Amino acid sequence: MGEQRYSTMSTYELTQEIGLLQEKARKAEQLGMVNEFAVLERKAIMARAYLLDPKDFPKGEIYGILGDPGSYFKVDYLNGVFAWGYRLSGEGTEEALPISMLEKIQKKE
């Protein structure tokens, strides 16, 4: 049996998969397997994107980027679970990030 696509998994299956990936990533990190850790972490981020609703990420909004403190991403449009746009600190190159990497910026009262 081949790997099931995240887009076809139920919420329960995605949650189980994320837990499994995080456990494997933790073991890889403990064993110093940096590349394996990075791959597993990326897979968990992708799986998590399918638990989110793209409608919660309106275009034109600016978000923080998970794992990249101080960097901000402006969403131009969405395609599935990917937000297309650009990093505000970058050179304006368009890129796509899974919506699970976008963090709402806490507005100061």
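From a predicted model like this one, the values you see are computed outputs, not experimental measurements.
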For A83, which residues count as a side-chain contact (heavy atoms from CB on, under 4.5 Å) partner, sequence neighbours excluded?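 Listed in chain order: F73, V75, L78, I99, L102.
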Do [X] and [Y] come within less than 4.5 Å of each other through their side chains, counting heavy atoms only?
X   : Y   : answer
Q22 : R48 : yes
E41 : L21 : no
Y72 : I65 : no

Should [X] and [Y] be regarded as members of a common hydrophobic cluster, given that ILVMFWY residues are connected when their side-chain heavy atoms come within less than 4.5 Å of each other, either directly or indirectly?
X   : Y   : answer
Y77 : V81 : yes
Y6  : L52 : yes
L66 : Y86 : no
L20 : I18 : no

Could you please spell out the steps behind the side-chain contact (heavy atoms from CB on, under 4.5 Å) verdict for F82 and L97? CA-CA 5 Å; F82 285 92; L97 295 177; 5.9 Å; no
List the steps and the verdict of side-chain contact (heavy atoms from CB on, under 4.5 Å) for L51 and T11. CA-CA 6 Å; L51 292 174; T11 300; 3.7 Å; yes
For S10, does its backbone N or O pair with a side-chain atom of E13 as donor and acceptor, under 3.5 Å?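 Between the backbone of S10 and the side chain of E13 there is a qualifying donor-acceptor contact (under 3.5 Å).
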Any sub-3.5 Å donor-acceptor pair from S100's side-chain atoms to I45's backbone N or O?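 Yes.
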Which heavy atom in G67 sits nearest to a heavy atom in P69, and how many Å separate them?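 Minimum heavy-atom contact is C-CD, 3.6 Å.
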Looking at every non-hydrogen atom in both residues, tell me the closest pair between G64 and I105 and how far apart they are.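 Looking at all heavy atoms of both residues, the closest pair is N-CG1, 3.8 Å.
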Where at least one partner belongs to residues 15-59, residue pairs that pass ring-ring contact (aromatic ring centres under 6.0 Å, His included), sequence neighbours excluded: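 Pairs touching residues 15-59 that pass the test: F57-Y63.
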Passes salt bridge (Lys or Arg N to Asp or Glu O under 4.0 Å), E23 versus R26? Steps please. CA-CA 5 Å; E23 183 58 34; R26 206 171 10 263; 2.6 Å; yes
To the nearest 0.5 Å, how far apart are CE in M46 and CD in E17?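 M46 atom CE to E17 atom CD measures 12.0 Å (nearest 0.5 Å).
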Working note: E36 + L31, criterion side-chain contact (heavy atoms from CB on, under 4.5 Å); need CA distance, chi angles, decisive distance, verdict. CA-CA 10 Å; E36 180 73 6; L31 295 170; over 6 Å; no
Going by the salt bridge (Lys or Arg N to Asp or Glu O under 4.0 Å) test, which pairs reach into residues 64-89, not counting sequence neighbours?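 Found D68-R87, R87-E95.
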More than 12 heavy atoms from other groups under 6.0 Å of NZ on K59: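 Counting other residues, nucleotides and ligands, NZ of K59 stays at 12 neighbours or fewer.
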Do other residues, nucleotides or ligands put more than 12 heavy atoms under 6.0 Å from D53 CG?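 Yes, the 6.0 Å shell around CG holds more than 12 heavy atoms from other groups.
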